[in-house]
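Working notes, structure below.
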Amino acid sequence: MGVVLSKSLFIKQAILTLALAIVLSLLSSGVQFIDGVQYQKKQIDQDFDELLVVVEKPLSEAVFRLDIAFAQQQIDSLLLSPSIAYVAVRDESGELFVEATAANRIFSISHSLTDYFLPDLQDYKRELYLEMPAFQAGSLLVLPEKRYLLDKILKEHLSILIYNLFKDVLLASLISLVFYFLVTHPLKRLTESLSTAGYNEKLPLPKSFYRRHKSDELGHLHATFSLLLNKLNTALSDLERSDSHTKAMIEHAADGILLLDENNKITLVNTAAEFMLKIKSEILKSRSLESLHASSSWCVFSEALNSLQIGAPRTVETLYQIQNIELPVEIRLAKYKIQDKIEVLMLIRDVSERKETEAHIHHLAYYDLVTNLPNRQYLADKLREVLQHRQHVPGYSAVVFMDLDRFKTINDSLGHNVGDQLLCCVASQLSSLIDDDVIFARMGGDEFAFLLTNLGNDKERVEKAVNGFADSIMYACQQVKKAGHHEVHITASLGATIFDGFEFSEIILKQADTALYRAKEGGRNTFVLYKKEMQAVSDARLEMEKALHHATEFKLFELYYQPQMNHKNELIGAEALIRWKDDVKGFISPAVFIPVAEEIGLIVEIGNWVLNEALSQVATWLKEGKWQLSWRISINVSPIQFQQAGFLPMLRAQLQKHDVPAGCVDLEITENMLLNDLSSSLEKMNVIKSLGVYLSIDDFGTGYSSLKYLKSLPIDRLKIDQSFVRDLLTDKSDEAIVHAVIAMAKALNINVLAEGVETLSHYDRLREINCFYYQGYYFGHPLPPDEFIAAFVYDSTTLKPGF
């Protein structure tokens, strides 16, 4: 049955329609049969009631007359009806008067079936009364023949059942035929049309199909099939195009491509792979993967290939053996499953150039370009390796820092090319003196370092060995070096630290640097071994640097102002002096922190802040009428700050920002600054003068510049250093220097201001020798802005005595 139902939609519909019609017909007939039984039972009751009414009176009279024969005749007449099985008449005392039983008849219906369908069919009993005279004659009992009655009912309804069944089957057949012509046949034609449609063709159907089914479900189905066919044609076209693209991309890919089957056999090779491996595709497909690899690389690659998981690509590097030449390659492995087949895609890239580049980058990262020695990073990495080794193998190692003395002078005087040749000469000479247990590196500039890895376990012998090593290095450096056409004599300062593996690399390098710093302080051409007590000085310096960074970042400095006077006790201006009050150490002298700021690169930021703060204060005083236009604010400029390319634009911007007249500003520079680049400094000084800003030489007499520079410098004032003024009264040499400076300045038409005027005697003596401008504690100490104004200025025209 299942096979039949699976073959044809029409057969399925016909069988199901017929079965449904039969079932519905049977159900309808069953319902009619049940209703008929109920109706027949009512009809039987009515018939028996009418029959009993007919015989009731004759039987009553017969009983009254005791006429048995007549009574027998009456009940026998009742048995003529096949629906009655038994009749009995009893007299008034209940005794049987007459009775009769129907002849034995054969029925096809059993008693049990009768009891099932007619369980409640009653026995009919009537009381016999005689009216004239009034007499209770007895009773009549009639038993119906149930089998006859049920048989009659079944025969009547069987014809109805047959009629209904025939009618429903006929209707189901007609419905099936209509379904066939309306649905099955057109659908069959549509299916045949779809199965015969070719690529890029429309569905070949007769016009009658379009006419009859244009708007119904079959028409919509045809439209859907047509749309689906178009999509399939488009998809097929795209698939063919994609396949062509894929083949083109594989064939023209820059990387080599190999495709492996489940057994790791090569099934596809592109042109790039053939060119890279120098083997034709046909030969490659017949070879094993192992034959392509260098013997040293196959095991690692095979393990990676065998452990590769589906959907988890990975990249491995290996070596191919191509015509006895090892070729480094990078292979991207990807395993996937398509239509129950597992494949592995290999994307092969030649990385020989990259390896060469990496080696070059590694050399650049870890080796010095000038001397070809290992650099700072290389030494630091090796130091960390030594420290890790020392954790397991006890012993001592050492780091020695070396700095060439006077190298900057040589480099500046003979040129950078000669300086580089000298560094190469030193590197070559010292490299020949060290063994395999020593790592020699250039740390930068003229600074070198040695890492002595295995020095033994005896601390005393280790120190002797390090001292002996340092002596040999110092001796080698003292030998005459040839740099280009020059014979150069140099010396070296060395600092070393010994460690046993329980320190950090940064601390070790810091200790060696601290020892080197001490060696330089000790006069150079010497060697110092690090001691713990040196750390306090180093830590203090580091603490100073940190605090200075913090103070610069959060602007924790202040400006104090010291008055500058003339010989008439009139205020001519003030010098802005930076002050730094630390939360812990209190006031820190500029002589202490300014050199540190210059070394760590903060002096430019600090100098810019000083200039901005001083101009802002003068601008405020000018608005308040507390500063005269003839007064000058003296601002110190660091040589490093002055040499900055952005110094002049910054100066212009600050003057414009605060709207301070340039004539109120006096920039103080040191004569040592002129040693670096006189022409550049002279150019900047001329630009500054063109702005209207005054220039002074601070601490004059302490530097090394030639006096001939003074005649070409656009300066307005010389400030005699306080070291000469302090001993003016007691030291004839200092007095002679002050006399000479004043005379020279007068000849050049340059003003002179004496610093460090602390007593009346100094003041009187300076006036005697024609020095008319002064600055010092005799006139006033540096003060904060408000105190300065309160101490020295009444208003814009009156000087308040400060002494």
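Sequential numbering from 1 along the given sequence is applied to the chain's residues. Hydrogens, waters and symmetry mates play no part in the numbers below; they use all other heavy atoms, side chains included.
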task: Determine which pairs satisfy salt bridge (charged side-chain N to carboxylate O under 4.0 Å, His left out) with at least one residue from residues 87-98, sequence neighbours left out, and list them in order.
output: none
Rounded to the nearest 0.5 Å, how far does [atom2] of [Y] lie from [atom1] of [X]?
X    : Y    : atom1 : atom2 : value
E343 : N264 : CD    : CG    : 12.0 Å
L327 : K278 : CG    : NZ    : 7.5 Å
I68  : Q73  : CD1   : CD    : 14.0 Å
K280 : S286 : NZ    : OG    : 14.0 Å

Testing the basics here: between [X] and [Y], what is the closest heavy-atom pair and its distance to 0.1 Å?
X    : Y    : value
R390 : D500 : CB-O, 3.7 Å
Y366 : Y378 : O-CB, 3.4 Å
M276 : G256 : CE-N, 3.8 Å
Y86  : A88  : OH-CB, 3.3 Å
S139 : E127 : CB-OE1, 4.0 Å
A304 : S307 : O-OG, 3.2 Å

- request: Go through the steps to decide whether L140 and F97 satisfy the test side-chain contact (heavy atoms from CB on, under 4.5 Å), and finish with yes or no.
  value: CA-CA 10 Å; L140 172 63; F97 184 66; over 6 Å; no
task: Could you give me the CA-CA distance, side-chain angles and deciding distance for L260 and K265, then say whether side-chain contact (heavy atoms from CB on, under 4.5 Å) is met?
output: CA-CA 5 Å; L260 310 180; K265 297 295 183 182; over 6 Å; no
Whether [X] side chain and [Y] backbone form a donor-acceptor pair below 3.5 Å:
X    : Y    : answer
S505 : R384 : no
K335 : Q309 : no
N270 : I257 : yes
S302 : W298 : no
S173 : V169 : yes

With side chains defined as the heavy atoms from C-beta onward, is the minimum distance between [X] and [Y] less than 4.5 Å?
X    : Y    : result
L292 : I279 : yes
L345 : L258 : no
V89  : E99  : no
I331 : T318 : yes
Q321 : I325 : no
L24  : L20  : yes
I342 : I310 : yes
I348 : D255 : no

Is atom [atom1] of [X] surrounded by more than 12 heavy atoms (other residues, nucleotides or ligands) closer than 6.0 Å?
X    : atom1 : answer
E303 : CD    : no
K555 : NZ    : yes
F504 : CZ    : no

query: Are Y320 and E326 linked by a side-chain donor-acceptor pair shorter than 3.5 Å?
result: no
- request: Show your working on side-chain contact (heavy atoms from CB on, under 4.5 Å) between I266 and L289 and close with a plain yes or no.
  value: CA-CA 8 Å; I266 301 173; L289 283 177; 4.2 Å; yes
field: Partner residues of A100 under the side-chain contact (heavy atoms from CB on, under 4.5 Å) criterion, sequence neighbours left out
entry: Q72, I75, D76, L79
Member of V269, V344, L268 meeting the side-chain contact (heavy atoms from CB on, under 4.5 Å) criterion with L259: L268
- prompt: Charged N to carboxylate O under 4.0 angstrom, E317 versus R349?
  reply: no
- prompt: In terms of side-chain geometry, is the basic nitrogen of E330 or R354 positioned less than 4.0 Å from the acidic oxygen of its partner?
  reply: yes
Full working for side-chain contact (heavy atoms from CB on, under 4.5 Å) between L556 and H550: CA-CA 8 Å; L556 302 181; H550 178 76; 3.5 Å; yes
